[in-house]
Engineer: 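Here it is, the structure, as structure tokens.
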Amino acid sequence: MEIREGLMIPLGYGKFVRSDKIITLERIEDERGPGRRTLVYVEDIRSPMVASRTENSILANMVEVPRDKLEAAAALELLYDISDDIQQIGPMLRKSIKKEAGFDLEKIEKRINEILQHEIDSGDLT
């Protein structure tokens with residue numbers, strides 16, 4: 001992949017960085033949530049910037065990505081976001097949702113994690 005130079009890359013919440021100044025993208029694992037998806041290390045800036053977008057979406061903006069890969073990355077980003085949101089739902093609400101709507105969040109969360117783990121293991125993440 002080749003970085004497209006001179007593009008302004010949105011990080012979310014009105015933050016932008018030039019594509020050719022980004023050094024590293026690091027997925028936030030701990031304390032991840034709305035507004036906290038990726039650490040972006042930028043040339044000449046000592047501390048990383050916190051982006052509200054995933055590393056895959058930022059990377060897709062930085063490089064020329066074939067459309068099918070871009071769509072796959074968007075689908076994976078959506079799964080990561082859904083997984084993050086499901087993790088915020090407590091056990092009582094989960095039981096209530098399952099009882100009232102027949103919507104089993106445990107089953108959905110398990111399936112999402114299986115898909116994401118498969119993508120990580122196979123190295124198919126963009």
Side-chain angles (χ1 to χ4, degrees):
M1 287 187 264
E2 188 173 323
I3 302 297
R4 299 184 315 185
E5 290 188 33
L7 291 177
M8 293 304 289
I9 306 299
L11 303 181
Y13 296 112
K15 293 188 247 178
F16 294 83
V17 176
R18 272 187 39 179
S19 57
D20 51 331
K21 297 295 182 183
I22 295 174
I23 299 169
T24 304
L25 300 171
E26 180 180 340
R27 176 179 162 77
I28 294 176
E29 297 292 340
D30 298 327
E31 300 179 34
R32 179 180 169 96
R36 292 187 52 80
R37 302 277 192 225
T38 307
L39 293 176
V40 181
Y41 293 84
V42 180
E43 186 178 303
D44 298 327
I45 297 178
R46 177 174 277 174
S47 298
M49 298 177 73
V50 177
S52 64
R53 300 177 66 219
T54 66
E55 65 281 4
N56 287 332
S57 64
I58 294 168
L59 183 60
N61 286 150
M62 293 172 61
V63 299
E64 288 289 341
V65 179
R67 185 171 175 81
D68 61 330
K69 292 265 188 192
L70 190 57
E71 290 169 355
L76 289 173
E77 180 177 351
L78 178 60
L79 288 177
Y80 275 117
D81 289 346
I82 292 170
S83 178
D84 288 342
D85 291 342
I86 289 174
Q87 289 176 16
Q88 303 302 314
I89 299 172
M92 295 300 289
L93 183 54
R94 286 175 184 242
K95 287 179 185 177
S96 178
I97 290 169
K98 186 175 182 179
K99 180 180 177 184
E100 295 294 322
F103 199 71
D104 189 346
L105 292 173
E106 302 293 331
K107 183 178 172 183
I108 293 167
E109 184 175 34
K110 181 180 177 190
R111 183 64 183 127
I112 288 172
N113 289 335
E114 288 171 357
I115 292 168
L116 295 176
Q117 190 59 52
H118 173 75
E119 291 298 314
I120 291 169
D121 292 343
S122 67
D124 288 343
L125 292 175
T126 55

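No experiment lies behind these values; they were computed from the predicted model shown. Sequence positions, counted from 1, serve as the residue numbers for this chain.
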Engineer: Applying side-chain contact (heavy atoms from CB on, under 4.5 Å) to I58 and R37, what does each step give before you reach the verdict?
Structural biologist: CA-CA 11 Å; I58 294 168; R37 302 277 192 225; over 6 Å; no

Engineer: Measure the spacing between CD1 of I3 and CZ of R18 and express it to the nearest 0.5 Å.
Structural biologist: 12.5 Å

Engineer: Rounded to the nearest 0.5 Å, what separation is found between the OG1 atom of T38 and the CE atom of M49?
Structural biologist: 12.0 Å

Engineer: Does CE belonging to M8 count more than 12 external heavy atoms closer than 6.0 Å?
Structural biologist: yes

Engineer: Of all the heavy-atom pairs spanning N113 and S83, show the shortest one and how long it is.
Structural biologist: OD1-OG, 3.7 Å

Engineer: Start with the C-alpha distance between V50 and L39, add both sets of side-chain angles, then the distance that settles side-chain contact (heavy atoms from CB on, under 4.5 Å), and finish with yes or no.
Structural biologist: CA-CA 5 Å; V50 177; L39 293 176; 3.9 Å; yes

Engineer: In Å, rounded to the nearest 0.5 Å, how long is the span from CD1 of I82 to CG of L78?
Structural biologist: 4.0 Å

Engineer: Going from CG on L105 to CD1 on I89, what distance comes out if it is rounded to the nearest 0.5 angstrom?
Structural biologist: 5.0 Å

Engineer: If you group Ile, Leu, Val, Met, Phe, Trp and Tyr by side-chain heavy-atom gaps below 4.5 Å, do I28 and Y41 land in one group?
Structural biologist: yes

Engineer: Taking atom CD of E31 as the centre, does the number of heavy atoms from other residues, nucleotides or ligands within less than 6.0 Å exceed 12?
Structural biologist: no

Engineer: When you measure from the centre of the six-membered ring of Y80, is the NZ or CZ of R27 under 6.0 Å away and within 45° of the axis?
Structural biologist: yes

Engineer: Between S19 (side chain only) and R4 (backbone N and O only), is there a donor and an acceptor less than 3.5 Å apart?
Structural biologist: yes

Engineer: Please answer: with hydrophobic residues joined when any side-chain heavy atoms are less than 4.5 Å apart, are V63 and L7 in the same cluster?
Structural biologist: yes

Engineer: Which of these, V40, L59, N61, sits in a side-chain contact (heavy atoms from CB on, under 4.5 Å) with R53?
Structural biologist: N61

Engineer: Can you tell me how far the CZ atom of R111 sits from the CG atom of L79, to the nearest 0.5 Å?
Structural biologist: 9.5 Å

Engineer: Quick one: CE on M62 to OG on S57, what's the gap to the nearest 0.5 Å?
Structural biologist: 11.5 Å

Engineer: Around atom NZ of K15, are there more than 12 heavy atoms of other residues, nucleotides or ligands at under 6.0 Å?
Structural biologist: yes

Engineer: Using the salt bridge (Lys or Arg N to Asp or Glu O under 4.0 Å) definition, which of the options K99, R94, K98 pairs with D104?
Structural biologist: K98

Engineer: Step by step, work out the side-chain contact (heavy atoms from CB on, under 4.5 Å) result for T54 and R32.
Structural biologist: CA-CA 11 Å; T54 66; R32 179 180 169 96; 3.7 Å; yes

Engineer: Which heavy atom of Y13 sits nearest a heavy atom of G35, and at what distance?
Structural biologist: CE1-CA, 3.6 Å

Engineer: Before accepting this row, confirm whether a basic side-chain N of the pair D44/K21 lies closer than 4.0 Å to the acidic partner's carboxylate O.
Structural biologist: no

Engineer: Are more than 12 heavy atoms, taken from residues, nucleotides or ligands other than F103, located less than 6.0 Å from that residue's CZ atom?
Structural biologist: no

Engineer: Are I112 and L76 co-members of a hydrophobic cluster defined by side-chain heavy atoms under 4.5 Å apart?
Structural biologist: yes

Engineer: With a sphere of 6.0 Å drawn around CD of E5, does it hold more than 12 non-hydrogen atoms of other residues, nucleotides or ligands?
Structural biologist: no

